[in-house]
Amino acid sequence: MDFPFFKTKVEGLSKKLNLSDPSERWEYFHLKAGPEIEKIKTYLEKNSFIAYLLGKKNSGKGTYSKLLIEIFGEDRMAQISIGDLVRSVHKAVEASEEEKKSLIEFLEKNYRGYLPIEKAIDALLGRDLKTLLPTEFILALLKREISKVSKKALFLDGFPRNLDQVSYSLFFRELIGYRDDPDFFVLIDLPEKVIEERMKYRRVCPKCQTSRNLKLLPTTKIDYHQDKKEFYLSCDNPTCSGAEMISKEGGDLGMEGIRDRLNIDANLINKANSLYGIPKILLRNSIPADQAKNLADDYEITPEYSYKWNEAEKKVVVIEKPWVFADDEGVPSVSLLAPAVVVSLIKQLVKVLGI
């Protein structure tokens, strides 16, 4: 399927902004999509929606959601990652009998499926390695989590997870009481080279779970472990007090380690795009290098970063240069920074919601 190019460049806006800086990012969003942001804010005062985020691994689903929440506020929007949800429930149930009892009580009222509750919990805890978590069980966990966040606009990351779950997603809003609110798919496209570099250099804050990239999207704080001779990122979220960002588990396994997952994701995106009756937002991460000047401002395009340690001054020297790569068709391309993709998302969101 073809994802259209989206122009974020606005004639007459020549100010260069640092999109890694939260305050300048705020200014950027309002310069590029101010009227649309105000329309969505007004809409969210009385309404909500459900967005199903579909994209290959490391396509930016969590990052885009967090940037939207940054713009519109946690009181209006929430993001739920199915993978993070399952892991958190696993950890809580394993550590506390009281939490396990609470979960079982919820499941007895809300779970309907072919696998007994106790066996499903054994699968959740890894005691039953032959049994996969059924969709009905995941739906119950998701319903439980949604009940904790109240009625907000929701971005669901990781559901549907396979082709069989697509039909579930079409009726999910009825299951959780969002009968009058619209739902839609957000389909994300990006070249495999971008996925590979994101996997290799991805770093995550252990406190707020914000994701950045040592090579492609650093924070404003880069530090150096002199004993390990390693550069690292410190989270620039004020509430995290400069926490050191860490590698994502499994990120060093390479593309072939996730090849099957990538193929499933590609099939999911194509399946979702072929459905009638549910709107789609199409997000494209990359643009041809020879069209970049017409479609985006220079500061919206992903640069490549490397670092040197200045021993005399005891500080990190940041080296920035353009990052050009071959996309899946061999076309020399550049990648858009996440805020530029979110501008496209915001503008399309206004159209999908009809506001």
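Nothing fancy with the numbering, it's 1 onward along the sequence. Remember, predicted model here, so these are calculated numbers, not experimental data. All heavy atoms count here, side chains included; hydrogens, waters and symmetry mates do not.
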- Message: Once you measure the plane-to-plane angle for F49 and F155, does it fall in the parallel (<30°), tilted (30-60°) or perpendicular (>60°) bin?
- Response: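 If you compare the ring of F49 with that of F155, the planes turn out perpendicular.
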- Message: Would you call the rings of F325 and W323 parallel, tilted or perpendicular, taking 30° and 60° as the class edges?
- Response: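 Aromatic pair F325/W323 classed tilted.
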- Which heavy-atom pair separates S234 from D223 by the least distance, and what is that distance?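 Looking at all heavy atoms of both residues, the shortest contact is OG-OD2, 2.7 Å.
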- Message: To check you understand the geometry: which heavy-atom pair defines the closest contact between W309 and F231, and what is its length?
- Response: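 Result for this residue pair: N-CZ, 3.7 Å.
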Pair [X] + [Y], salt bridge at N-O below 4.0 Å:
X: E99; Y: R144; result: yes
X: D21; Y: R25; result: no
X: D189; Y: K56; result: no
X: K32; Y: E300; result: yes
X: K119; Y: D122; result: no

- Message: With a 3.5 Å distance limit and no angle check, can you tell me whether N110 reaches the backbone of F106 through a side-chain donor-acceptor pair?
- Response: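 Yes, N110 side chain to F106 backbone: donor-acceptor pair under 3.5 Å.
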- Any sub-3.5 Å donor-acceptor pair from K152's side-chain atoms to E74's backbone N or O?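 Indeed, once roles are kept as given, a pair shorter than 3.5 Å links the two residues.
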- Residue pair E192, R259: steps toward the salt bridge (Lys or Arg N to Asp or Glu O under 4.0 Å) verdict: CA-CA 10 Å; E192 288 196 354; R259 177 58 58 191; 2.7 Å; yes
- Check the pair Y224, E230 against side-chain contact (heavy atoms from CB on, under 4.5 Å), reporting the backbone distance first and the verdict last. CA-CA 6 Å; Y224 183 65; E230 292 179 354; 5.7 Å; no
- Quickly, which of E320, E196, E197 forms a salt bridge (charged side-chain N to carboxylate O under 4.0 Å, His left out) with K215? Name it, please.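 That would be E197.
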